[in-house]
Amino acid sequence: MVNLGVLVSGSGSNLQAIIDNIEAGRVDARIQVVISNVPGVYALERAKKHGLLHRVILHKGLNREEYDQKVVEALKARDVELVVLAGFMRIITPVLLRAFPMRVMNIHPALLPAFPGTHVWQTQIDYGVKFAGCTVHFVDEGTDTGPIIIQAVVPVYDEDTADTLNARILKQEHKIYSQAIQMYAEGRLEVQGRRVLAKGVPRAVDSFLINPPPTFLGG
Ligand code: GAR
């Protein structure tokens with residue numbers, strides 16, 4: 001059983017998926033605290049509905065390091081082992097990373113290392129990629145640069161908008177974040193430099209996707 005601290009800034013649909021998977025017994029973890037840097041966000045409401053301890057930590061008057069120090073104290077006070085960034089829209093400093101080395105995970109709505117940063121749905125469409133996706137990674141000192149744990153791929157369609165692509169990617173986020181946490185809880189993740197090996201986890205099927213699909217080649 002791994003003790004989680006979940007950091008949020010918004011709607012918290014990833015938080016919800018993790019809560020649901022824990023409650024269904026699919027993830028062997030316990031959410032010890034939900035921390036938001038923004039008051040009144042729906043993620044806090046979700047925490048409340050499920051009886052989870054939740055806190056708002058405001059950054060007003062604090063520099064980034066001081067802010068992270070407060071977050072670290074709140075996490076340590078609840079015996080948190082793994083920090084889960086679930087739509088937490090703040091840059092993390094080494095203060096947090098040193099307190100939880102290779103124990104901070106983030107989810108990003110793109111196939112890293114492509115399209116780091118925020119609000120990348122339209123960026124992916126405008127770039128013209130035929131596949132998009134999402135990535136769960138350990139956080140290091142760069143922005144969206146840490147070792148990759150798991151990724152899911154989705155197609156991009158000609159008629160996509162940022163909203164439709166976001167919805168397609170989010171569905172996969174809700175699966176892979178819980179899977180990453182469960183693999184961690186089972187002690188299966190082994191970090192070797194940039195690579196995260198998933199010990200004892202079945203290999204992905206040796207398959208492929210082509211977009212647009214290969215119609216005239218006979219499927
Ligand atoms: C998710 O799409 C997540 O990938 C993204 O914020 C959204 C949070 O949604 N995170 C980032 O862009 C981090 N750079 P949620 O609040 O409904 O879970």
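Just so you know, these numbers use all the heavy atoms, side chains as well, and skip hydrogens, waters and symmetry mates. Start at 1 and go down the list; that is how both ligands and their atoms are numbered. Since the model is a prediction, treat every value here as computed from it, not as a measurement.
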So which heavy atom in the protein is nearest [atom], and how far is it from that ligand atom?
atom	result
atom 9 (O) of ligand 1	Asn14 ND2, 4.0 Å
atom 17 (O) of ligand 1	Ser13 OG, 2.6 Å
atom 6 (O) of ligand 1	Met89 CE, 3.4 Å
atom 1 (C) of ligand 1	Glu173 OE1, 3.2 Å
atom 16 (O) of ligand 1	Gly12 N, 2.8 Å
atom 13 (C) of ligand 1	Ile107 O, 3.7 Å

Distance-only donor-acceptor pairs under 3.5 Å for side chains of residues 94-106, two or more places apart:
from	atom 1	to	atom 2	distance (Å)
Arg103	NH1	Glu81	O	2.7
Asn106	ND2	His137	NE2	3.2

> Which pair of non-hydrogen atoms, one from Tyr67 and one from Ile57, has the smallest distance, and what is that distance?
Replying inline: OH-O, 2.7 Å
Sub-4.0 Å atoms of ligand 1 with respect to non-hydrogen atoms of [X]:
X	value
Gly117	14 (N)
Trp121	2 (O)
Gly87	6 (O), 8 (C)

>> Go through it in stages, so that I can follow the logic: the residues are Tyr177 and Asn14, the test is side-chain contact (heavy atoms from CB on, under 4.5 Å), and I'd like the CA-CA distance, side-chain angles, deciding distance and then a yes or no.
In response: CA-CA 8 Å; Tyr177 218 169; Asn14 276 288; 4.1 Å; yes
> So which of Thr135, Ile176, Val196 actually passes side chain to side chain contact (heavy atoms under 4.5 Å, CB included) with Ile150?
Replying inline: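 Only match with Ile150 under side chain to side chain contact (heavy atoms under 4.5 Å, CB included): Ile176.
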> Taking distance alone, with no angle check, do Asn166 and ligand 1 share an N/O pair under 3.5 Å?
Replying inline: no
> What part of Tyr177, side chain, backbone, both or neither, has a heavy atom within less than 4.0 angstrom of ligand 1?
Replying inline: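 Tyr177 to ligand 1: no contact under 4.0 Å from either part.
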>> Can you tell me how far apart CG (Leu197) and CD1 (Ile149) are? Round to the nearest 0.5 Å.
In response: 12.0 Å
> Roughly how far, to the nearest 0.5 Å, is CD1 of Ile125 from CD of Glu159?
Replying inline: 10.0 Å
>> Assess the residue pair His50 and Glu23 against the criterion (side-chain hydrogen bond (donor to acceptor under 3.5 Å, both in side chains)); give the C-alpha distance rounded to whole Å, side-chain angles, the decisive distance to 0.1 Å, and a yes or no.
In response: CA-CA 10 Å; His50 289 267; Glu23 289 184 353; 2.8 Å; yes
> Asn37 and Arg90: side-chain donor and acceptor closer than 3.5 Å?
Replying inline: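 Note: Asn37 and Arg90 side chains miss the donor-acceptor criterion.
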